[in-house]
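Below: one structure, written as structure tokens.
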Amino acid sequence: MALRLNCKYLEGFVSENEVKELAPEIAAAHGFLYENREQAVGNGYHGWLTLPEDYDKTEFGRIKAAARKVISDSQALVVIGIGGSYLGARAAIEFVKSKNYNLTAKDTPKIFFLGNSLSPTEITEIADYCRGCDFSVNVISKSGTTTEPAVAFRVFRKLLEEKYGKAEAAKRIYVTTDKAKGTLKALADREGYEEFVVPDNVGGRYSVLTAVGLLPIACAGVDIDALMAGAADAMRQYAVPSLEENDCYKYAAIRNILYRKGKSIELAVCYEPDYTMMNEWFKQLFGESEGKDGKGLFPASVIYSTDLHSLGQYVQEGRRLMFETVVDFRTPKRDLIIEEDPDNADGLNFLTGRGMAFINKRAFEGTALAHTDGGVPNIVIEADAMDEYDLGRLIYFFEKACAISGYVLGVNPFNQPGVESYKKNMFALIGKPGYEELADELKKRLG
């Protein structure tokens, strides 16, 4: 089954004629991805476009073999990376398995994601846990010099070598990095670590369907064949340039129309807590892709009904800055039937025999109606199930929509020049050689 775009909650906000009027801009964006690639900014990073079919099948087999080894010899896997080097993998594991994955009984290792902050508390807590069990490390970095993952890898490499000795530790380190250059590549070659490739033509936030995401995902027991199959079907479906036939392009058009009407925030919404990290992945994908040149929607996220009791008031009656993009699943992973209470102390006996899925669905419908009545448009993307196949479809849907939407917006959807600004300041303030002049300037500003 395909994903479905439900536009019934857009009545009064976006008309079909407005969507049709944007068709030439969508067609031009489509051309940048297919017919006129040489004219497109960021055209060196279009590799994700055909990745679901055009991927290294030999490496894919090695990923599955490495995952089997980790599952057989490790009680924990420490995944070290930041941004696109961890968000997609963590999102996929929690989507298919559970946000409580590490707490559930299973035959696969606990998976910890580090190197995405500079918190000493976080690193030492996981290090203390790993001292008491067999563990492996998957470090993911194009260069090997990004501060957050480099620090974490230094700590856990030492921990492995102390626990197993250098030779045995090397068999528990899996490196995902550049195929030919960089500090991490050189280290892996020298020490004999098993290596996987970050493709040159796939940017970090589009890399979940490469070894960057697939190795940790497979180590959690997720079916990566089904994941790729869903993405491949989406790739074929969303290659059609027609807005009438392509819900992915229609979504890109609608969000641009709402942006031009003054909506500056896109609120990603789901009613399943296991989708929380997918929202985080969504925020990086769209935030880094569109937020430049003084343009772009600000991506935010909520999980309902939880956040209806915290942000719900603002969404309902605050400034009319936003629209909501809701991902709605037809079938939950599990359901729970409400049983009768003889005392009916909570007054809920009218729900006897009903499933929690029914209640959750009515919560979504009631909220969508209330928010649209309050001036907040709702785009709804309907999926069948929270499984590997539909996840592959969703990943490709959002990647394609982001690229098209970015080109319509008039920005390069594949670079992130602003990310470097904080790094330069941080390097100067921690005393990295070569940043002395900037350090003096910053220290004066900080007093």
Side-chain angles (χ1 to χ4, degrees), residues 1-14 16 19 91-92 94-96 226-227 229-240 242-255 257-258 266-279 281-282 285-286 299 301-308 315 322-335 355-372 376-402 404-405:
M1 295 290 289
L3 303 179
R4 296 164 294 277
L5 189 65
N6 181 345
C7 298
K8 71 179 179 181
Y9 299 105
L10 289 170
E11 187 175 348
F13 299 106
V14 177
E16 284 298 322
V19 174
E94 294 191 7
F95 179 102
V96 175
L227 180 70
D233 283 350
M235 179 191 74
R236 289 184 284 270
Q237 180 183 359
Y238 302 131
V240 181
S242 166
L243 280 170
E244 289 77 18
E245 300 175 62
N246 191 328
D247 277 352
C248 176
Y249 286 13
K250 190 172 183 179
Y251 165 62
I254 290 168
R255 62 194 304 277
I257 291 167
L258 290 168
E266 179 172 17
L267 194 59
V269 178
C270 190
Y271 286 73
E272 289 290 346
D274 286 350
Y275 196 84
T276 300
M277 288 305 300
M278 276 296 290
N279 275 343
W281 173 82
F282 173 97
L285 177 67
F286 282 91
S301 67
V302 290
I303 293 295
Y304 291 157
S305 62
T306 303
D307 290 324
L308 289 173
V315 176
M322 69 185 71
F323 65 91
E324 293 175 304
T325 295
V326 183
V327 178
D328 177 47
F329 296 96
R330 175 178 292 180
T331 306
K333 296 176 186 175
R334 299 183 180 184
D335 203 357
M356 286 287 292
F358 166 82
I359 302 170
N360 205 27
K361 184 73 170 181
R362 300 294 89 79
F364 153 60
E365 292 170 342
T367 302
L369 291 171
H371 287 182
T372 53
V376 179
N378 269 230
I379 304 170
V380 180
I381 299 165
E382 298 175 341
D384 289 320
M386 296 187 76
D387 59 18
E388 291 93 337
Y389 179 81
D390 269 9
L391 175 60
R393 296 191 69 92
L394 274 168
I395 287 170
Y396 195 87
F397 177 96
F398 282 124
E399 289 179 344
K400 188 73 173 292
C402 185
I404 292 292
S405 193

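As the structure is a prediction and not an experimental result, all values here were calculated from the model.
To the nearest 0.5 Å, the span separating OH on Y396 from CD on Q237 amounts to 11.0 Å. M235 CE to K400 NZ: the interatomic distance, rounded to the nearest 0.5 Å, is 9.0 Å. Put simply, CZ on F398 and CG on L3 are 8.5 Å apart, with the number rounded to the nearest 0.5 Å. Note: E16 CD to E244 CD = 8.0 Å, rounded to the nearest 0.5 Å. Here the CE atom belonging to M386 is positioned 12.0 Å from the OG1 atom belonging to T331, to the nearest 0.5 angstrom. Taken to the nearest 0.5 Å, the CZ atom of F286 stands 7.5 Å off from the CH2 atom of W281.
In terms of heavy atoms, A368 sits closest to Y9 at CB-CE2, 3.6 Å. The minimum heavy-atom distance between L243 and V19, with the atom names listed, is CD1-O, 3.5 Å. Annotation for A385 and D390: closest pair N-OD2, 2.9 Å, computed over non-hydrogen atoms. Across all non-hydrogen atoms, the minimal contact from A252 to A401 is CB-O, 3.8 Å. Closest heavy-atom contact between L267 and S301: CD1-N, 3.7 Å. Of all heavy-atom pairs between L10 and P377, the closest is CD2-CB, 3.8 Å.
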- [ ] Apply side chain to side chain contact (heavy atoms under 4.5 Å, CB included) to the pair M278 and V327, showing each step before the final yes or no.
- [x] CA-CA 10 Å; M278 276 296 290; V327 178; over 6 Å; no
Task: Derivation and outcome, side chain to side chain contact (heavy atoms under 4.5 Å, CB included), residues I254 and L5 - done: CA-CA 11 Å; I254 290 168; L5 189 65; 4.2 Å; yes
Open item on the list: Could you go through K250 and I379, starting from their C-alpha distance and side-chain angles, then the distance that decides it, and tell me whether this counts as side chain to side chain contact (heavy atoms under 4.5 Å, CB included)?
Closed with: CA-CA 11 Å; K250 190 172 183 179; I379 304 170; over 6 Å; no
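With D335 contributing its side chain and A357 its backbone, the two residues share a donor-acceptor pair below 3.5 Å. Side-chain N or O atoms of N246 include none that pairs as donor or acceptor with a backbone N or O of S242 at under 3.5 Å.
In the model, T325 has no side-chain atom that pairs as donor or acceptor with a side-chain atom of R255 under 3.5 Å.
Qualifying salt bridge (charged side-chain N to carboxylate O under 4.0 Å, His left out) partners for E245, counting only residues two or more places apart in sequence or in other chains: none. Under the side-chain contact (heavy atoms from CB on, under 4.5 Å) criterion, V96 pairs with V222, E388, L391, not counting sequence neighbours. D233 pairs by the salt bridge (charged side-chain N to carboxylate O under 4.0 Å, His left out) definition with R236, not counting sequence neighbours. Applying the ring pair (Phe, Tyr, Trp, His ring centres under 6.0 Å) test to F95 and every residue at least two apart in sequence or in another chain returns F329.
Using a 4.0 Å cut-off between a side-chain N of Lys or Arg and a carboxylate O of Asp or Glu, R4 and D384 qualify as a salt bridge.
For residues 361-370, the pairs satisfying salt bridge (charged side-chain N to carboxylate O under 4.0 Å, His left out) are D328-K361, R362-E365, with sequence neighbours left out.
Put simply, the side chain of T372 does not reach to within 4.5 Å of the side chain of K8, judged on heavy atoms.
Remark: aromatic rings of F13 and F323 are distant, center separation not under 6.0 Å. No close placement of the Y304 and F364 rings is indicated, their centers lying 6.0 Å or farther apart.
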Between side-chain atoms of residues 268-277 and protein atoms elsewhere (two or more places apart, or another chain), which donor-acceptor pairs fall under 3.5 Å?
unit_1	atom_1	unit_2	atom_2	d
D274	OD1	K99	N	2.9
D274	OD2	K333	NZ	2.7
T276	OG1	P273	O	2.6

